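Step one of this worksheet: look at the structure below.
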Amino acid sequence: MKTKYTIKTDADFLHAADEAAMMANDIIRRKAELESELQAVRSKYADLDAIQNDYDARTAALEKYLRGNGVAERLFKSGKKFGESTCAKFGIRTSKPALALVEGCTEAEITERLAQEGRDEWLNVGAPKLNKAAILGAGLTDEELADFGLCIVVKDKFFIEPKK
């Protein structure tokens, strides 16, 4: 909330000017103190970027090796999608199946085709957009989806995390 000042006399003006000048000095001093403390904190954690880069390179190498022929079968627990070392749990997480457009197809083309074929249950009501949940729930084969310009994608993501 802004404070409103009313200056009615020359004396009020001179007094307010002196106070504003002292406040300006205080603001400058406190900003300098803040910047000094922030710089001290930044200096304390200056190696964080180097650690992050090393971590990224190491996890990329771990993922590349794990995706090698037969490695996951050797390192994962039987029937599991993860393995463990002394300090870490690692593995591959698989995303839920998601609907995607086949390259070269647009959503507008697909919705128009579905509307022409009377597949309104696969379109959102009110807007000509795909109802992806309904299409996924319809149990269509890959070939049937491809006929409409759609496909199912599943992404695998490497993970490594400290043991709890």
Side-chain angles (χ1 to χ4, degrees), residues 1-7 10-111 124 127-137 142 145-146 149-164:
M1 180 177 189
K2 272 191 169 180
T3 305
K4 188 173 183 179
Y5 288 97
T6 304
I7 298 173
D10 290 352
D12 289 346
F13 177 89
L14 294 174
H15 182 69
D18 289 343
E19 287 180 336
M22 287 187 286
M23 291 170 78
N25 283 335
D26 191 41
I27 290 169
I28 291 168
R29 181 185 53 78
R30 294 192 63 183
K31 283 184 176 180
E33 288 173 1
L34 171 64
E35 194 54 44
S36 175
E37 288 185 36
L38 288 173
Q39 187 56 43
V41 171
R42 285 187 196 103
S43 295
K44 182 178 177 181
Y45 297 100
D47 62 341
L48 192 55
D49 285 339
I51 293 169
Q52 182 68 53
N53 290 339
D54 188 34
Y55 172 83
D56 292 344
R58 193 173 305 246
T59 55
L62 288 165
E63 179 177 9
K64 182 178 178 182
Y65 182 80
L66 184 66
R67 291 187 185 272
N69 197 13
V71 175
E73 290 79 18
R74 292 192 313 268
L75 295 178
F76 287 0
K77 293 181 175 189
S78 180
K80 303 287 183 179
K81 291 189 175 188
F82 67 92
E84 295 184 44
S85 66
T86 306
C87 300
K89 181 178 175 181
F90 54 86
I92 305 291
R93 288 194 177 112
T94 304
S95 70
K96 292 181 180 178
L99 202 59
L101 306 177
V102 171
E103 194 173 324
C105 293
T106 66
E107 187 170 343
E109 294 170 342
I110 295 168
T111 38
N124 286 331
K129 286 190 144 201
L130 297 175
N131 183 340
K132 293 180 178 182
I135 296 170
L136 282 171
D142 290 341
L145 286 170
L150 300 168
C151 63
I152 293 179
V153 291
V154 177
K155 295 181 182 176
D156 289 338
K157 185 176 180 187
F158 172 75
F159 74 91
I160 184 163
E161 55 195 32
K163 282 184 177 178
K164 296 181 179 167

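For reference, positions follow the sequence shown, starting with 1. Fair warning: this is a prediction, and the values are worked out from it, not measured in the lab.
- More than 12 heavy atoms of other residues, nucleotides or ligands shown are found within 6.0 angstrom of CD on Glu161.
- Side-chain atoms of Ser36 never come within 3.5 Å of backbone atoms of Ala32 as a donor-acceptor pair (strictly under, hydrogens ignored).
- Residue Phe158 comes nearest to Ile92 through the heavy atom pair CA-CD1, 4.1 Å, listed as atom of the first residue, atom of the second, then distance.
- Considering Arg67, Arg93, Glu63 as possible partners of Asp156, the one that fulfils the side chain to side chain contact (heavy atoms under 4.5 Å, CB included) test is Arg67.
- Counting heavy atoms of neighbouring residues, nucleotides and ligands inside a 6.0 Å radius, atom CG of Asp10 does not exceed 12 of them.
- Separation of atoms CG (Leu62) and CD1 (Ile160) is listed at 5.0 Å; rounding is to 0.5 Å.
- Closest non-hydrogen pair, Arg74 versus Asn69, comes out as NH1-O, 4.0 Å.
- Distance check: Lys96 NZ to Ile152 CD1 gives 14.0 Å after rounding to the nearest 0.5 Å.
- Within the 4.5 Å cutoff, side-chain heavy atoms of Val154 are placed close to those of Pro97.
- One finds the CG atom of Asp56 at 10.5 Å from the CG atom of Asp49 (value rounded to the nearest 0.5 Å).
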From CA spacing to verdict: salt bridge (Lys or Arg N to Asp or Glu O under 4.0 Å), Arg29, Glu33:
CA-CA 6 Å; Arg29 181 185 53 78; Glu33 288 173 1; 2.8 Å; yes
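- Going from atom CG of Asn53 over to atom CG of Leu48 covers 9.5 Å, rounded to the nearest 0.5 Å.
- For Lys89 against Phe82, the heavy-atom pair with the smallest separation is CE-CD1, 3.6 Å.
- For the pair Leu101 and Thr106, the minimum side-chain heavy-atom distance is 4.5 Å or more.
- More than 12 non-hydrogen atoms from other residues, nucleotides or ligands lie less than 6.0 angstrom from NZ of Lys163.
- Within a 6.0 Å sphere centred on CZ of Phe13, heavy atoms belonging to other residues, nucleotides or ligands number 12 at most.
- Atom CG of Asp47 sits about 11.0 Å away from atom CG of Asp54, to the nearest 0.5 Å.
- In this structure, Glu35 and Leu38 have side chains that are in contact, with non-hydrogen atoms separated by less than 4.5 Å.
- Nearest approach of Ile110 to Gly149, heavy atoms of both residues: CD1-O, 3.4 Å.
- Atom CZ in Arg30 sits 6.0 Å away from atom CG in Asp26 (nearest 0.5 Å).
- Under the 4.5 Å side-chain criterion, counting only non-hydrogen atoms from C-beta, Leu66 is in contact with Phe76.
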